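This one's a predicted model, so the numbers in the text were calculated from it and none came from an experiment. In what follows, every chain begins at residue 1, and chains take the letters A, B, ... in the order their sequences are listed.
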Amino acid sequence: MPELPEVETTCRGIAPCLEGKTVEAAIIRQAKLRWPVTRGLAKKISGALIEKVTRRGKYILIETTSGVLMMHLGMSGSLKIVPSKQLSEKHDHFDLVLAGGKALRFTDPRKFGSIFLIKKEDLGQHKLLKNLGPEPLDDGFSVEYLYQLSRNKKVAIKTFVMNSHNVVGVGNIYANEALFRAGIKPDRPAGKISKARYGVLVEEIKTVLAEAIKQGGTTLKDFTGSDGKPGYFKQELQVYGRAGLPCEVCGKPLKEIRMAQRSTVYCAQCQK
DNA sequence: CAACCGCCCTGGGAGC
DNA sequence: TGCTCCCAGGGCGGTT
């Protein structure tokens, strides 16, 4: 499942293949995704020049002279560069066909992803973007920021950091990992955690994401070749997916609880 | 407003 | 081996 590091890796992988290219056509095979694909997208984007590929949270933004193509990979989505003549498979819902024989192909078995075409001037006001919190790796995501925001909040710290209004891009896996590294019990109320502990948490969130992005670099090399190869960061995970297995620090079996319908794994000994 | 839950979807694993 | 069941989960939108 693409978390922020994978989205970042995807952006870095596809950007050189897209920037400066002209869009010949867009092929929409499945318009029914998490939300309907923007009406008339194919017609509107044909002939556009791709200027820049960026990212906001987990939204990939492909800026063109005809508007911004905004894509979210949801749970199971991926993007790759393929020869435009390559036959599509069952879950290949969208192609952005480029001049020169290649295409950007969007694949998403569970259809939790989304694709929009937005006017550049409307981007900041788009409902999916306008309420997003700071980027976790930016300086705006600081101890002061998170600590102040957390005051008087009763919500559990894990739910708090996974809320994209507070900070973007911290999904279930990295929330679990960062809390373990910071030694904070996931169900502790956000408003009752000291500033010093927020200092540790903010650092661990940044570190774990940065490390995962670095690992993504390995995938980057053959990005256009095969699929996104899930699990490249898997060997680094200390708690996620390890319920019942011994804590790598103290050896006690890791516990699993459900928080907001999400699997939550922690060490009762190391996390307080 | 906060807290919570339902929902969108399908592959894969467990259980029988 | 094949069926059925259930779970994974980002994130919005609706309800309480």
Distance check: side-chain N/O of A:Arg34 vs OP1/OP2 of C:dG13, anything under 4.0 Å?
no
From the list C:dG13, B:dG11, C:dG9, which nucleotide is the closest neighbour of the side chain of A:His91?
B:dG11
Here the distance between atom C1' of C:dC12 and atom CE of A:Met162, to the nearest Å, is 14 Å
Looking only at side chains, do A:Lys158 and A:Thr264 share a donor and an acceptor under 3.5 Å apart?
yes
Can you identify which nucleotide, out of B:dA3, C:dC12, C:dG9, has its nearest atom closest to the A:Tyr240 side chain?
C:dG9
Return the nearest nucleotide to the side chain of A:Phe112; candidates are C:dG9, C:dG11, B:dT10.
C:dG9
Starting from the C-alpha separation in whole Å, work towards a yes-or-no answer on side-chain hydrogen bond (donor to acceptor under 3.5 Å, both in side chains) for A:Gln269 and A:Lys252.
CA-CA 7 Å; A:Gln269 173 96 345; A:Lys252 286 243 168 77; 3.0 Å; yes
Rounding to a whole Å, what distance do you find between A:Arg262:CZ and B:dC5:P?
12 Å
Here the distance between atom P of B:dA3 and atom CG of A:Asp187, to the nearest Å, is 14 Å
Of B:dA3, B:dG11, C:dC12, the nucleotide closest to the side chain of A:Val155 is B:dA3
Decide, yes or no, whether a salt bridge links A:Glu177 with A:Arg181 under the criterion of side-chain N to carboxylate O below 4.0 Å.
no
Can you tell me how the ring of A:His93 sits relative to the ring of A:Phe106, calling it parallel under 30°, perpendicular over 60° and tilted otherwise?
tilted
Could you tell me which non-hydrogen atom of A:Lys58 sits nearest to which non-hydrogen atom of A:Val7, and how far apart they are?
O-CG1, 3.8 Å
Name the nucleic acid region contacted by A:Leu73, choosing base, sugar-phosphate or nothing; use a 4.0 angstrom heavy-atom cut-off, strictly under.
nothing
hbond_proxy A:Arg110 side chain to C:dG10 base (donor-acceptor, 3.5 Å cutoff)
no
What is the distance, rounded to the nearest whole Å, between atom CG of A:Leu237 and atom P of C:dA8?
16 Å
How is A:Phe160 classified with respect to the nucleic acid when contacts are heavy atoms under 4.0 Å: base, sugar-phosphate, or nothing?
nothing
What is the separation between atom CZ on A:Arg258 and atom P on B:dC5, rounded to the nearest whole Å?
12 Å
Would you tell me if any nitrogen or oxygen in the side chain of A:Lys111 comes within less than 4.0 Å of OP1 or OP2 on B:dT10?
yes
Against the side chain of A:Lys127, the closest entry in B:dA2, C:dG10, C:dG13 is C:dG13
With a 4.0 Å limit, can you tell me whether A:Lys90 has a side-chain N or O closer than that to the phosphate oxygens OP1/OP2 of B:dG11?
yes
Please tell me which of the listed nucleotides, C:dG11, C:dC12, C:dG9, lies nearest to the side chain of A:Ser263?
C:dG9
Please pick, from B:dA3, B:dC8, B:dT10, the nucleotide with the shortest atom-to-atom distance to any side-chain atom of A:Lys154.
B:dA3
Side-chain contact check for A:Pro109: nearest option of C:dG10, B:dG11, C:dC12 is B:dG11
Residue A:Gln261, side-chain heavy atoms: nucleotide from B:dT10, B:dG6, C:dG10 that is nearest:
B:dG6
Rounded distance in Å - CG (A:Asn163) to C1' (B:dC4):
13 Å
Specify whether A:Phe116 and A:Trp35 have parallel, tilted or perpendicular ring planes, treating 30° as the upper limit for parallel and 60° as the lower limit for perpendicular.
tilted
